[in-house]
Peer 1: 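Let me give you the structure first, and then I'll get to my questions.
Positions are given from 1, in the same order as the sequence printed here. Indexing begins at 1, ligand by ligand and atom by atom, following the structure's order.
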Amino acid sequence: MTLLVQKFGGTSLGSIERIKAVAQRIKSSKEKGNDLVVVVSAMGHSTDELTQLASEISLDPPHREMDMLLSTGEQVSISLLTMALNELGTPAISLTGTQAGIITESAHGRARILEIRTERIKNLLSEGKTLVIAGFQGTSLGIGGIPEITTLGRGGSDTSAVALAASLEAEKCEIYTDVPGVLTTDPRIVKSAQLMKNISCDEMLELASLGAAVLHPRAVEIARNFGVTLVVKSSWDKLDGTTLTSKKNHVYAKGGIEHRSPVDGLELVENQAVIALSNIPDRPGIAAELFESLSEGGVNVDLIIQATHQINSNDITFTVVENELNNALIQCKKLIKTIGGEISSQKSLTKLSIYGAGIMGRPGIASSLFQTLSDSGINIHLIATSEVKVSCVIDAELGKKGLRSVAEVFKLTDKQITINPILANNNEPEVRGIALDKDQIQICVKNVPDKPGTASTICSKLAEKNISLDTIVQSERKHKDTTKDISFTLKKNDRKDAKYALEELISNWKGSKIEEGNAIVRISAVGSGMPFTIGTAGKIFRALANEKINIEMIATSEIRTTCIISEKDGEKALNEIHSCFQLGKL
Ligand code: ADP
Ligand code: ASP
Ligand code: MG
């Protein structure tokens, strides 16, 4: 018999009619001869409603009590769906996370799954039962082995489902939802969004963590690490949906399901150069002009960052391979003549990166990379982060030294280290999907000391509170007193804790202050073909400029370009960029 794990989301279970329809669907899957483990979310918006109830009592309810409350949502849907199945003559039994043996760490509200003790599930399956398991919840063994109910974090039932599929070595994990699969962007905002037949786990990880709610990023992480075949499809029809693919050569997890060694590898890319344009005008169209002229000059730009500054001026910094530096400078000089500003450049640089799906959601990893470099006396010229990779541009002569220290700290063997890797161009699209993240705020820490370790101090201070910095932009420009600014975005939910922690930190830095920017959104284009295509960034910036949308910050990783723009422009920008890459016409 083939074992399938099928997960049904809240919208698919929003009413009794829908629960009955889902039961019918499960029954016919079962009749095709499959063994079934079904994972469900709470009905409709019930998790939101429970959260609302709590907020009417307390502004800051204890995390443990929130888990007690929220876990009831899934208990309603497992029991009702199981009743519906039994009514249809399909023998079924419901299990809470605890009863299903889902063991998590003890961090209430954001617990990671450690292991799944599958014995009870396997026994029930062998009796021919269909299992209906509560997603989003588990049990921690707590202090002294006393069990406590935990939840995994909002959207976490996808993660429960994929973790079950991995532990049970299921044939595949099917995520049934209210859209036909993973689309090129959010269909609620862009009507012409198209279904993708396939997407790589790396691309999906970026999209999911940058606002594409259709999959929980940790579910993608598990699928990627354990090689689970993951399919996203509609609850209402019988179409194929989207299949997630992952490269065959990644390192498989040995330890806990979500608790593996966070860093899989370390990479050094030599012969890099950085160009910094400073004091250029801050108005729509400048970034577009710059990157269009670079692309006309045949220059392939790798990392880009743009920092916001005092009214009316910006800095844009980017990297190219060293032998394209002269060509790039020619283009920049032409542009500066017409718009004003200064250029500086530096060659003999190296890009050092750590990567691994376990970096996601663990802010301590990036901060310990920065700390390690700073302890070795290495200054970081530029930082680029993605969910699964953190890159630092450093002086070439310190590259090997950095490599050794970082390898030691993350306990990496020679096999996990690559120098100048050759990327395989599989003719993937430069942009496969676009995500809009409305859940971020922008913070700038002004006038921080310009010395090795400042970025790492900020990151580790926030990491102590488990706060991740999402888009980090370190300005190249020094103030008169030789201090610098560092800007970043973080989740709205972390605002209060972050400000508190930062205020404590900057009290040690004379003249430094924290500023929260205007309401912003993050818009990100993701595609595996991006590193092989010249001019992608220019096209994105042009699409924004055409709509007179000003870009506040830019940050990129290899397969992603992210712009921070004003909140009011978010949906318009999403539509523009989507149509600029013709994603509505697949
Ligand atoms: P479920 O209740 O099934 O877990 P979610 O609401 O968590 O469903 O996720 C599905 C929703 O994700 C869709 O209704 C859609 O609006 C939104 N979404 C955002 N980005 C995308 C995308 N790229 N592809 C598909 N859906 C997306
Ligand atoms: N019910 C939980 C939530 O709404 C988990 C989930 O739906 O995946 O976040
Ligand atoms: Mg969901």
Side-chain angles (χ1 to χ4, degrees), residues 6-15 18 22 38-52 66-67 69-78 97 109-111 133-138 150-163 174-197 199 203-220 230-236 241-242 244 431-439 493 522-527 570-571 574 577-578 583-584 586:
Q6 301 187 328
K7 178 254 169 181
F8 292 88
T11 36
S12 312
L13 301 162
S15 63
R18 289 197 171 171
V22 165
V38 177
V39 176
V40 294
S41 296
M43 286 175 71
H45 297 289
S46 59
T47 312
D48 290 332
E49 286 152 18
L50 292 168
T51 308
Q52 175 60 30
M66 279 309 287
D67 280 357
L69 178 68
L70 296 190
S71 57
T72 62
E74 272 69 14
Q75 210 168 318
V76 172
S77 45
I78 50 170
R110 54 180 165 82
I133 298 178
F136 175 59
Q137 54 174 266
T150 52
T151 65
L152 311 183
R154 293 306 303 270
S157 5
D158 298 337
T159 295
S160 312
V162 182
E174 299 173 328
I175 306 283
Y176 287 90
T177 183
D178 63 340
V179 281
V182 180
L183 307 185
T184 48
T185 191
D186 191 339
R188 279 174 303 194
I189 306 174
V190 180
K191 295 287 164 271
S192 61
Q194 299 289 319
L195 177 70
M196 306 179 201
K197 281 208 158 90
I199 179 170
E203 290 168 313
M204 193 63 226
L205 260 179
E206 296 263 11
L207 285 174
S209 44
L210 291 160
V214 64
L215 274 179
H216 198 231
R218 279 161 51 193
V220 184
L230 185 56
V231 182
V232 183
K233 47 177 31 175
S234 163
S235 301
W236 329 125
T242 306
L244 270 81
V431 173
R432 199 188 294 271
I434 308 171
L436 183 68
D437 184 358
K438 299 179 174 180
D439 189 35
N493 242 342
R522 283 201 290 182
I523 186 158
S524 309
V526 175
E571 300 200 351
L574 192 64
I577 300 177
H578 191 261
L583 296 180
L586 285 185

Peer 1: Number the atoms of ligand 2 from 1 as they appear, then name those within less than 4.0 Å of a heavy atom of Thr47, with their elements.
Peer 2: 1 (N), 2 (C), 3 (C), 4 (O)

Peer 1: Using a plain distance cutoff, I'd like to know if Thr184 has any nitrogen or oxygen under 3.5 Å from a nitrogen or oxygen of ligand 1.
Peer 2: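 Among all N and O atoms of Thr184, none is under 3.5 Å from an N or O of ligand 1.
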
Peer 1: Return the residue, atom name and 0.1 Å-rounded distance of the protein heavy atom closest to atom 26 (N) of ligand 1.
Peer 2: Val214 CB, 3.4 Å

Peer 1: For ligand 2, which atoms sit closer than 4.0 Å to a heavy atom of Arg154?
Peer 2: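 Under 4.0 Å from Arg154, ligand 2 has these atoms: 3 (C), 4 (O), 9 (O).
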
Peer 1: Check whether any N or O atom of Ser12, backbone or side chain, sits under 3.5 Å from an N or O atom of ligand 1, and answer yes or no.
Peer 2: no

Peer 1: Classify the contact between Asp158 and ligand 1 as side chain, backbone, both or neither, using a heavy-atom distance cut-off of under 4.0 Å.
Peer 2: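 For Asp158, no heavy atom sits under 4.0 Å from ligand 1.
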
Peer 1: Testing Ser12, Ser157, Ser77, Ser160 for side-chain hydrogen bond (donor to acceptor under 3.5 Å, both in side chains) with Ser41, which one passes?
Peer 2: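 The passing option is Ser157.
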
Peer 1: Could a heavy atom of Glu74 be found less than 4.0 Å from some atom of ligand 2?
Peer 2: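 Yes; Glu74 lies near enough to ligand 2 that a heavy-atom distance drops under 4.0 Å.
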
Peer 1: Side chain, backbone, both or neither: which part of Val179 has a heavy atom under 4.0 Å from ligand 1?
Peer 2: side chain

Peer 1: Would you mind listing which atoms of ligand 1 come within a distance below 4.0 Å of any non-hydrogen atom of Thr11?
Peer 2: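 With Thr11 as reference, the close atoms of ligand 1 come out as 2 (O), 3 (O).
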
Peer 1: Judged by non-hydrogen atoms, does Gly181 sit under 4.0 Å from ligand 1?
Peer 2: yes

Peer 1: May I ask whether Gly10 places a heavy atom under 4.0 Å from ligand 2?
Peer 2: no

Peer 1: Against heavy atoms of Ser41, which atoms of ligand 2 measure under 4.0 Å?
Peer 2: 6 (C), 7 (O), 8 (O)

Peer 1: Tell me which part of Arg154 gets within contact of ligand 1: side chain, backbone, both or neither, using heavy atoms under 4.0 Å.
Peer 2: neither

Peer 1: Check each atom of ligand 1 against the heavy atoms of Lys7 and keep those under 4.0 Å away; list them by number with element.
Peer 2: 4 (O)

Peer 1: Check this for me - ligand 1, Thr177, N or O atoms closer than 3.5 angstrom, yes or no?
Peer 2: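 Between Thr177 and ligand 1 (N or O atoms, distance only) the closest approach is under 3.5 Å.
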
Peer 1: Please could you name the atoms of ligand 2 that Ser157 approaches to less than 4.0 Å, counting only its heavy atoms?
Peer 2: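 It comes down to these atoms of ligand 2: 5 (C), 6 (C), 7 (O), 8 (O).
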
Peer 1: Do any nitrogen or oxygen atoms of Asp158 lie less than 3.5 angstrom from nitrogen or oxygen atoms of ligand 2?
Peer 2: no

Peer 1: Pick one: which of Val526, Thr242, Ile199 meets side chain to side chain contact (heavy atoms under 4.5 Å, CB included) with Met204?
Peer 2: Ile199

Peer 1: What atoms in ligand 1 come closer than 4.0 Å to a heavy atom of Asp178?
Peer 2: 10 (C), 11 (C), 13 (C), 14 (O)

Peer 1: Kindly confirm or rule out an N or O of Leu183 lying under 3.5 angstrom from an N or O of ligand 1.
Peer 2: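 Such a contact does occur with ligand 1.
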
Peer 1: Checking Thr150 against Asp67: is there a side-chain donor and acceptor pair closer than 3.5 Å?
Peer 2: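 No - no donor-acceptor pair under 3.5 Å links their side chains.
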
Peer 1: Please check atom 6 (O) of ligand 1 for a protein heavy-atom neighbour under 4.0 Å.
Peer 2: no

Peer 1: Please report whether ligand 2 has a polar contact with Gly155, defined as an N or O pair separated by less than 3.5 Å (distance criterion only).
Peer 2: yes

Peer 1: Decide whether an N or O pair under 3.5 Å exists between Gly10 and ligand 1.
Peer 2: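 Yes: some nitrogen or oxygen of Gly10 is under 3.5 Å from one in ligand 1.
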
